[in-house]
Amino acid sequence: MSAENPAGTAAVTHDPDARRKVVNRLKRAHGQLAAVIAAVESDAHCRDVVQQLSAVTKALDRAGFLVISTSLRECLENPDADGAVDPDELEKLFLSLA
C-alpha cells in the first residue's frame, strides 16, 4: 500500500484497525452533531445542547489524537517511508488539538 493517496498527500493511516477506529469516532461525532442541531432546532434545554456539544468535541478530539498517535507510531517504526510525516509537523498537529 502506498503512503500517498491519489491527491499526493500523506495518508491518514496505513493501519486498517486504526483507520476503522478513526472512522467510527467520526461517525459517532457526526451522529452527535446531528443531535445537537436537532436539539437547537427544537428549542431544547441549554443543558442538553451543551452535553451534546461536549460529546461531539470529545469524539472529534479522540479521532484527531488517534490519527496523530498512529502517524507517530508509523513514523517511529519506519522513519524513511515515502510520505512519512515530519516529527516537527506531528508536534504542531498534536498541539493544534490541545
Side-chain angles (χ1 to χ4, degrees):
M1 180 186 303
S2 171
E4 301 285 324
N5 67 21
T9 58
V12 172
T13 179
H14 298 104
D15 179 352
D17 187 50
R19 184 180 308 125
R20 179 187 53 78
K21 288 178 182 178
V22 169
V23 169
N24 285 344
R25 289 179 192 272
L26 292 174
K27 286 180 179 180
R28 184 177 307 128
H30 184 262
Q32 290 164 329
L33 184 56
V36 170
I37 293 168
V40 170
E41 289 176 339
S42 67
D43 287 330
H45 192 278
C46 67
R47 177 185 345 99
D48 299 330
V49 173
V50 171
Q51 286 174 342
Q52 285 295 328
L53 281 172
S54 176
V56 171
T57 300
K58 192 171 191 175
L60 290 173
D61 285 346
R62 287 179 182 241
F65 286 127
L66 182 56
V67 168
I68 291 170
S69 67
T70 301
S71 294
L72 181 59
R73 185 174 63 245
E74 290 175 356
C75 185
L76 291 172
E77 291 172 357
N78 194 1
D80 297 326
D82 287 340
V85 180
D86 177 58
D88 290 336
E89 182 181 1
L90 282 173
E91 180 182 2
K92 288 178 185 177
L93 292 170
F94 178 79
L95 292 174
S96 73
L97 293 174

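Atoms considered below: every heavy atom in the structure, side chains included; atoms not considered: hydrogens, waters and symmetry mates.
Cluster annotation: Leu66 is not connected to Val23 through the hydrophobic network of ILVMFWY side chains, with a link wherever side-chain heavy atoms come within less than 4.5 Å. Val50 and Val56 fall into different hydrophobic clusters, where Ile, Leu, Val, Met, Phe, Trp and Tyr residues are linked whenever their side-chain heavy atoms come under 4.5 Å apart, directly or through other members. Cluster annotation: Leu72 is connected to Leu97 through the hydrophobic network of ILVMFWY side chains, with a link wherever side-chain heavy atoms come within less than 4.5 Å.
The heavy-atom pair separating Val22 from Ala63 by the smallest distance is CG2-O, 4.2 Å.
Atoms CG and CG, from Leu53 and Asp48 in turn, are 11.0 Å apart once rounded to the nearest 0.5 Å. One distance of note links CD of Gln52 with CZ of Arg47; it measures 13.0 Å at 0.5 Å rounding. Separation of atoms CD1 (Ile68) and CD (Glu89) is listed at 10.0 Å; rounding is to 0.5 Å. Interatomic distance, Arg25 CZ to Asp61 CG, rounded to the nearest 0.5 Å: 11.0 Å.
The closest donor-acceptor contact from the side chain of Thr70 to the backbone of Val67 lies at 3.5 Å or more, if one exists at all.
In this structure the side chain of Leu95 reaches within 4.5 angstrom of the side chain of Glu91, judged on heavy atoms. Within the 4.5 Å cutoff, no side-chain heavy atoms of Val36 are placed close to those of Gln32.
Salt bridge annotation for Asp15-Arg20: absent, with no cationic side-chain nitrogen under 4.0 angstrom from a carboxylate oxygen.
With a 6.0 Å radius and a threshold of 12 heavy atoms from other residues, nucleotides or ligands, Phe65 has its CZ atom above the threshold.
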Practice problem: I would like to know whether Leu60 and Leu26 meet side-chain contact (heavy atoms from CB on, under 4.5 Å); could you show each step before the answer? | Solution: CA-CA 6 Å; Leu60 290 173; Leu26 292 174; 3.9 Å; yes
Quiz item: Is there a salt bridge (Lys or Arg N to Asp or Glu O under 4.0 Å) between Lys21 and Asp17 once you walk through the steps?
Solution: CA-CA 6 Å; Lys21 288 178 182 178; Asp17 187 50; 3.5 Å; yes
